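Here the structure is laid out as structure tokens; the discussion comes afterwards.
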Amino acid sequence: MAGIDSKDIHKIIVACDAGMGSSVMLASQLKKQLKGTGVTVEHTPVNSIPDDADVVLCHTGLAARAKASAPGKVLVSFQIFLGDPAVTRLVNTIKNGGTVDA
């Protein structure tokens, strides 16, 4: 999948390796930032990404596993858990419209 229009994003999955606290914090932060947009944010292990995910957000170290676990889903990878530009772009695109690229 090349990308997804922001209006088609209803569910973001923050995928982690083994329940790291950092990814739980990121999911919580995203929920607050996206409040009122109609987008839900959930936190799941990278090997258990649900089929109804529209965008999968994970650390670059888990990107290959996330792609294997959720083929065809838009994957946004990041380097740092809080304040990463990729996460900021995702939030801004959802709020302002546009396309999220895989």
Side-chain angles (χ1 to χ4, degrees):
M1 179 179 252
I4 186 170
D5 192 283
S6 61
K7 66 179 174 30
D8 296 325
I9 299 173
H10 305 288
K11 187 175 195 175
I12 296 173
I13 296 298
V14 179
C16 70
D17 191 16
M20 296 185 301
S22 301
S23 53
V24 174
M25 285 189 322
L26 176 58
S28 177
Q29 179 187 38
L30 281 173
K31 286 178 189 178
K32 290 176 189 171
Q33 291 176 338
L34 296 173
K35 190 174 182 177
T37 64
V39 176
T40 59
V41 179
E42 294 181 8
H43 173 264
T44 67
V46 70
N47 295 330
S48 303
I49 297 169
D51 290 337
D52 63 345
D54 297 307
V55 174
V56 177
L57 189 61
C58 72
H59 190 271
T60 53
L62 298 175
R65 287 174 55 196
K67 283 181 187 175
S69 177
K73 301 294 181 186
V74 172
L75 175 69
V76 176
S77 61
F78 58 88
Q79 293 284 336
I80 53 176
F81 282 94
L82 299 176
D84 192 285
V87 177
T88 302
R89 276 193 305 276
L90 174 63
V91 169
N92 289 339
T93 301
I94 290 170
K95 288 182 173 182
N96 302 319
T99 301
V100 175
D101 295 317

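Quick caveat: nothing in here was measured; it's all calculated off a predicted structure. FYI, the numbering just counts along the sequence from 1. Atoms considered below: every heavy atom in the structure, side chains included; atoms not considered: hydrogens, waters and symmetry mates.
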Separation between CG of Leu90 and NZ of Lys95, rounded to the nearest 0.5 Å | 11.0 Å

More than 12 non-hydrogen atoms from neighbouring residues, nucleotides or ligands closer than 6.0 Å to CG on Asn96, yes or no?
-> yes

Minimal non-hydrogen separation, Ser77 against Ala86, with atom names | O-CB, 3.5 Å

Among Leu34, Val55, Leu57, which residue meets the side chain to side chain contact (heavy atoms under 4.5 Å, CB included) test with Val41?
-> Leu34

For Leu75 and Ala66 the tightest heavy-atom approach is CD1-CB, 3.8 Å

Please name the pair of heavy atoms, one in Ser23 and one in Val14, separated by the smallest distance, quoted to 0.1 Å.
-> O-CG1, 3.7 Å

Ala15 and Cys58: which non-hydrogen atoms are nearest, and at how many Å?
-> O-CB, 3.6 Å

Which heavy-atom pair separates Phe81 from Gln29 by the least distance, and what is that distance?
-> O-OE1, 4.4 Å

Going from NZ on Lys7 to OG1 on Thr37, what distance comes out if it is rounded to the nearest 0.5 angstrom?
-> 15.0 Å

In Å and rounded to the nearest 0.5 Å, what is the NZ to CD1 distance from Lys67 to Ile49?
-> 12.0 Å

Asp17 vs Arg65 side-chain heavy atoms within contact, under 4.5 Å | yes

Distance from Ile12 atom CD1 to His43 atom NE2, nearest 0.5 Å?
-> 14.0 Å

If you measure from CG on Asp84 to CZ on Arg89, what distance do you get to the nearest 0.5 Å?
-> 7.5 Å

With distance as the sole test, does Lys73 use its side chain to make a donor-acceptor pair with the main-chain N or O of Asp51 at under 3.5 Å?
-> yes

Enter the distance from Ile94:CD1 to Asp54:CG here, rounded to the nearest 0.5 Å.
-> 9.5 Å

Heavy-atom nearest pair, Thr93 first then Gly98, reads CG2-C, 3.6 Å

Using modelled atom types only, decide if a donor and an acceptor are shared between the side chain of His59 and the backbone of Ile80 within a distance under 3.5 Å.
-> no

